[in-house]
Amino acid sequence: MKRAVPPTRISPAAQNARIRNLDITVLAGGASEEREVSLVSGKKVAAALAVLGHRVTLSDVSPQSLSALSRPANMVFVALHGSYGEDGGIQAELEKRGLLFTGTGSIGSAAAMDKVRAKSRFIEVGLPTPRFEVARSFRIAEVVSHWRLPVVVKPISSGSSVDTHIVRDRARFHDAIMDVAKKHGQALIEEMIEGPEITVGILGDQALPPIQVRTSREFYDYQAKYIDDGTDYLFDIDLTPQMLERIQVMSLRASASLGCRDFCRVDWMVDAVTHEPFLLEVNTIPGFTNHSLLPKAAARAGLSFADLCQNIVELTMARGRCKSQCGVCSVEMNGT
């Protein structure tokens with residue numbers, strides 16, 4: 001019998017808080033392998049903010065093209081996925097310029113994007129994560145010899161399951177590591193946990209309703225995430241309410257352990273045999289597309305897409321007000 005925890009509901013106060021008529025720069029695009037997804041996210045965010053009454057400028061930025069940051073604005077909404085968007089690069093530039101921006105700062109972003117650093121942090125704070133090892137091209141044979149299959153081979157710092165391999169055949173193990181190491185310098189080998197894939201969105205200090213992702217593909221890869229309409233997103237999950245609540249609580253701990261703020265998404269695998277959950281990663285800038293999980297979880301909690309964007313704006317502006325009043329926060333407002 002399937003069970004689910006009752007849907008999380010965002011408080012009326014959070015929904016009714018409405019700051020209007022802000023000048024907001026939305027950053028999207030970039031030069032990473034996730035550029036196309038980022039452009040879609042940025043367009044949807046910009047459209048929602050405009051409907052809410054904000055004055056929005058959508059800008060395609062990269063390390064070589066940052067003129068958009070010189071535009072006077074009340075805040076910057078970061079919808080950049082992948083390198084320079086989620087690895088702390090754009091955040092460091094925004095901090096250097098004293099600009100108020102959405103989401104996690106440069107240090108937390110870099111820690112979350114680096115899967116080895118993140119997993120090491122999870123272990124430090126007592127959160128369960130699959131066993132892992134880093135492999136470089138010169139020691140592949142040594143690494144291959146002491147792993148039992150199946151395993152996951154993927155880049156240490158990448159998103160959207162780009163260049164991720166599920167290895168069940170030892171003959172493919174060496175090639176998978178070489179493929180990732182050649183492109184990214186080194187490869188992360190991770191114990192494969194087979195069972196339900198669960199994701200938990202975080203908004204402010206609240207964990208949104210868990211979602212189970214079910215795909216007909218071998219795993220939840222780039223195609224399943226953004227293109228395949230056959231992927232199922234389930235709120236009626238075949239796990240006990242106690243287990244789902246535990247995953248939500250641990251998701252908040254995972255987010256806090258990396259210093260995340262405003263919003264993020266935490267991904268889990270639950271072992272089909274032991275029913276124990278394993279933390280995979282924290283995504284500091286999850287997608288804002290029609291297929292994306294954070295908007296789906298927010299909708300389950302009673303927030304429309306526009307409400308979600310507005311709540312992120314509210315959380316960001318609250319940090320700006322705190323900075324102006326007490327000087328403790330590490331970010332500043334620009335143009336207010």
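The figures that follow rest on heavy atoms only: side chains count, while hydrogens, waters and symmetry mates do not.
Using a cutoff of 4.0 Å between basic side-chain nitrogens and carboxylate oxygens, D163 and K154 are not scored as salt-bridged. Salt bridge status for E276 with R246: present, with a side-chain N to carboxylate O gap under 4.0 Å. Salt-bridge formation is detected for the pair E194/R168: a Lys NZ or Arg NE/NH1/NH2 atom is positioned less than 4.0 Å from an Asp or Glu carboxylate oxygen. A salt bridge links E190 with K119: the distance from a Lys NZ or Arg NE/NH1/NH2 to an Asp or Glu carboxylate oxygen falls below 4.0 Å.
Put simply, the residue from I312, L294, D262 that forms a side-chain contact (heavy atoms from CB on, under 4.5 Å) with L203 is I312.
Cation-pi contact between R131 and W147: present, with separation from the ring centre below 6.0 Å and deviation from the ring axis of at most 45°. Figure legend: cation-pi geometry between K296 and Y233, with NZ or CZ positioned under 6.0 Å from the six-membered ring centre and within 45° of its axis.
Cluster membership check: L303 shares its hydrophobic cluster with F263, using side-chain heavy-atom separations under 4.5 Å among Ile, Leu, Val, Met, Phe, Trp and Tyr.
Within 6.0 Å of CG on L127 lie more than 12 heavy atoms contributed by other residues, nucleotides or ligands. Other residues, nucleotides and ligands place more than 12 heavy atoms under 6.0 Å from the CZ atom of R20.
Every residue was checked against the salt bridge (Lys or Arg N to Asp or Glu O under 4.0 Å) condition with D271, not counting sequence neighbours, and none meets it.
Checked by atom type and distance alone, the side chain of R214 never pairs as donor or acceptor with a backbone atom of E197 at under 3.5 Å. S106 places no side-chain N or O within 3.5 Å of a backbone atom of Q91 that could act as its donor or acceptor partner.
Among residue pairs with one or both ends in residues 172-182, those qualifying as side-chain hydrogen bond (donor to acceptor under 3.5 Å, both in side chains) are H165-D179; sequence neighbours excluded.
The shortest distance between side-chain heavy atoms of I198 and I211 does not fall below 4.5 Å.
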